[in-house]
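For reference, the structure discussed in these notes is given below.
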Amino acid sequence: MARIAGVNIPTQKRVQVALTYIYGIGQTTALDICQRLDIPAERRVNELMEDELTRLREMIDNDVVVEGDLRRKTAMDIKRLMDLGCYKGLRHRKSLPVRGQRTHTNARTRKGPAKPIAGKKK
């Protein structure tokens, strides 16, 4: 099993698909990495030579922010917004949708299960 950026990627899948198992690498980034390293689209991970795997690891380590670093960066960005007290930060602090969605009837994932209001008539 190939290990890249601390993640075991599946060996039977194509390289482009297997790279998406790494947090921070989507389909577009995986395709870009494969093109820059001249890895054919139909090549599978178990068919990669050792030097290709090494080049892949080095490129991901040097050029792409992935896994723990990306999670840390995202958390720090959210914390910065909350510390500033800007609108987005306040929405994060109250666990409400941040990007302008309606909350009157929806947003149950973000707000949690509905809480009954005492004395409310139907």
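Note that the structure is predicted; figures quoted are calculated from it, not measured.
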> Is there a side-chain contact (heavy atoms from CB on, under 4.5 Å) between Ile33 and Gln16 once you walk through the steps?
Replying inline: CA-CA 8 Å; Ile33 290 170; Gln16 182 181 341; over 6 Å; no

> Under 3.5 Å, side chain of Gln35 to main-chain N/O of Asp32, donor-acceptor pair present?
Replying inline: no

>> Taking Ala41's backbone N and O only, do any of them form a donor-acceptor pair with Arg14's side chain (distance below 3.5 Å, no angle check)?
In response: yes

> Heavy-atom distance under 4.5 Å between the side chains of Leu56 and Leu19, does that happen here?
Replying inline: yes

> Can you check whether Arg99's main-chain N or O pairs, donor with acceptor, with Gln101's side chain at less than 3.5 Å?
Replying inline: yes

>> Could you tell me if the side chain of Val7 sits less than 4.5 Å from the side chain of Glu67, heavy atoms only?
In response: yes

> If you group Ile, Leu, Val, Met, Phe, Trp and Tyr whenever their side-chain heavy atoms sit less than 4.5 Å apart, what else falls in with Tyr23?
Replying inline: Val65, Leu70

>> Let's go through Arg36 and Asp63 carefully: what are the C-alpha distance in whole Å and the side-chain angles of both, what is the deciding distance for side-chain contact (heavy atoms from CB on, under 4.5 Å) to 0.1 Å, and is it a yes or a no?
In response: CA-CA 12 Å; Arg36 283 167 51 185; Asp63 298 348; 2.9 Å; yes

> Can you name the salt bridge (charged side-chain N to carboxylate O under 4.0 Å, His left out) partners of Arg44, sequence neighbours left out?
Replying inline: none

>> Heavy-atom count check: over 12 atoms from other residues, nucleotides or ligands less than 6.0 Å from Lys111 NZ?
In response: yes

> How far apart are the C-alpha atoms of Asp61 and Val66, what are their side-chain angles, what is the distance that settles it, and do they pass the side-chain contact (heavy atoms from CB on, under 4.5 Å) test?
Replying inline: CA-CA 8 Å; Asp61 288 342; Val66 291; 5.8 Å; no

>> Evaluate Glu52 against Arg43 for side-chain contact (heavy atoms from CB on, under 4.5 Å), listing each step before the verdict.
In response: CA-CA 11 Å; Glu52 289 175 325; Arg43 181 83 59 90; 2.9 Å; yes

> Crowded around Gln27 CD? As in, over 12 foreign heavy atoms under 6.0 Å?
Replying inline: no

